[in-house]
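The analysis underlying the following values was restricted to heavy atoms, covering all of them including side chains, and did not include hydrogens, waters or symmetry mates.
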Amino acid sequence: MSEAATLAAQTDRTAIVDLIYRYCRSVDRLDIALGHSIWHEDGWADYGADVYQGPGKGVIDLICAQHLHTLHHSHQISNIVIALNGDRAGSEAYCTASLRIEREGGVQQITVWNRYVDQWEKRAGRWGLVKRLTIRDFDEIRAVSEMQRHDRGRRDRADASYEVLGAIPKPWIPCCRGAR
């Protein structure tokens, strides 16, 4: 493979990985527009007959609506494998989703371990998700005792991460004395 082809393949892989991460960010920040942006218009999501099967953008709407009923939620991605074939690609990514809910007079945590088996296409120079098959490997729900109050993070665009990921457009407030 030539140096130019190697660089192009790495650029494509990086773009796909970024989209996978943006999916998790979108559902954790309840950022529907961001979640919609990872899909091509004709994208299809299959999260199983008991969860959701339909247009890709619709699963973002559903998940964000469901997350409004939780106290906290966090999605992590790992073990991403990507196979490129020109302007098409396949990927597998492991996802751990942890959600906190109030139930039966206390706080409970739902944890789901699943895999996203995705089909991607590059159209007009932009990678987008064409089909996602979600495979739930296992899950659990259990009572938890929180160690502290979790109130610094936000589940919307007021979260501090939007400022720094937007190249810090607002006046920067350093976290500690002497920081710039």
Side-chain angles (χ1 to χ4, degrees), residues 1-49 51-64 67 73-98 111-139 153 155-157 159-170 172 174-175 179-180:
M1 183 181 290
S2 72
E3 187 174 329
T6 300
L7 180 58
Q10 185 57 45
T11 299
D12 289 340
R13 279 188 172 81
T14 299
I16 291 168
V17 168
D18 185 63
L19 290 168
I20 294 169
Y21 288 152
R22 286 176 188 270
Y23 164 82
C24 289
R25 177 176 173 70
S26 76
V27 296
D28 282 343
R29 300 282 71 79
L30 303 176
D31 189 334
I32 292 172
L34 179 61
H36 286 180
S37 75
I38 73 164
W39 293 91
H40 279 305
E41 287 299 321
D42 59 345
W44 187 260
D46 182 352
Y47 281 61
V51 178
Y52 180 87
Q53 293 175 316
K57 292 181 179 184
V59 77
I60 299 297
D61 300 336
L62 174 70
I63 291 169
C64 288
H67 283 17
H73 40 84
S74 180
H75 295 72
Q76 289 80 44
I77 293 290
S78 65
N79 301 10
I80 300 173
V81 178
I82 299 170
L84 294 170
N85 184 7
D87 287 343
R88 298 179 68 168
S91 67
E92 177 187 54
Y94 286 65
C95 178
T96 303
S98 299
T111 306
V112 177
W113 292 267
N114 58 32
R115 290 176 288 134
Y116 299 135
V117 179
D118 295 336
Q119 295 175 27
W120 303 89
E121 286 185 9
K122 189 176 186 180
R123 300 176 185 169
R126 184 186 82 80
W127 282 100
L129 194 50
V130 175
K131 183 175 182 187
R132 166 163 287 170
L133 173 65
T134 300
I135 300 169
R136 185 177 291 197
D137 289 318
F138 52 101
D139 54 28
R155 297 188 301 169
D156 57 25
R157 295 184 72 79
D159 189 77
S161 62
Y162 280 90
E163 184 175 342
V164 297
L165 291 173
I168 314 173
K170 298 176 187 175
W172 180 251
C175 66
R180 293 189 158 190

I'd like to check the side chain to side chain donor-acceptor pair (under 3.5 Å) partners of W39; sequence neighbours left out, ordered by chain and number. none
Rounded to the nearest 0.5 Å, what's the gap from [atom1] on [X] to [atom2] on [Y]? Could you check?
X    : Y    : atom1 : atom2 : value
W120 : L129 : CH2   : CG    : 4.5 Å
R25  : D18  : CZ    : CG    : 10.5 Å
R136 : W113 : CZ    : CH2   : 11.0 Å
I77  : T96  : CD1   : OG1   : 8.0 Å
F138 : T111 : CZ    : OG1   : 10.0 Å

If every non-hydrogen atom of [X] is compared with every non-hydrogen atom of [Y], which pair is closest and at what distance?
X   : Y   : value
H73 : D28 : CE1-O, 3.1 Å
L34 : S37 : O-OG, 2.6 Å
H75 : A97 : CD2-CB, 3.4 Å
A93 : I80 : CB-CG1, 3.8 Å
I82 : A89 : CG2-CB, 4.5 Å
H67 : V27 : CD2-O, 3.4 Å

If we only count heavy atoms from C-beta on, is the [X] to [Y] side-chain gap below 4.5 Å?
X   : Y   : value
S26 : I38 : no
I16 : L84 : yes
L19 : Y23 : no
Y47 : I63 : yes
E41 : K57 : yes

Taking side chain to side chain contact (heavy atoms under 4.5 Å, CB included) as the definition, give me every residue that meets it alongside [X], ordered by chain and number, with sequence neighbours left out.
X    : value
R88  : E121
Q119 : K131
I135 : R115, V117, L133, D137

Residues passing the salt bridge (charged side-chain N to carboxylate O under 4.0 Å, His left out) test with D87, sequence neighbours excluded, are none
Give every donor-acceptor pair under 3.5 Å between a side-chain atom in residues 2-14 and any protein atom, sequence neighbours left out.
{"residue": "S2", "atom": "OG", "partner": "A5", "partner atom": "N", "Å": "3.0"}
{"residue": "T6", "atom": "OG1", "partner": "S2", "partner atom": "O", "Å": "3.0"}
{"residue": "Q10", "atom": "NE2", "partner": "T14", "partner atom": "OG1", "Å": "3.3"}
{"residue": "T11", "atom": "OG1", "partner": "L7", "partner atom": "O", "Å": "2.9"}
{"residue": "D12", "atom": "OD1", "partner": "K122", "partner atom": "NZ", "Å": "3.1"}
{"residue": "D12", "atom": "OD1", "partner": "W127", "partner atom": "NE1", "Å": "3.1"}
{"residue": "T14", "atom": "OG1", "partner": "Q10", "partner atom": "O", "Å": "2.9"}

Distance-only polar pair, side chains of Q76 and S78, donor-acceptor under 3.5 Å: no
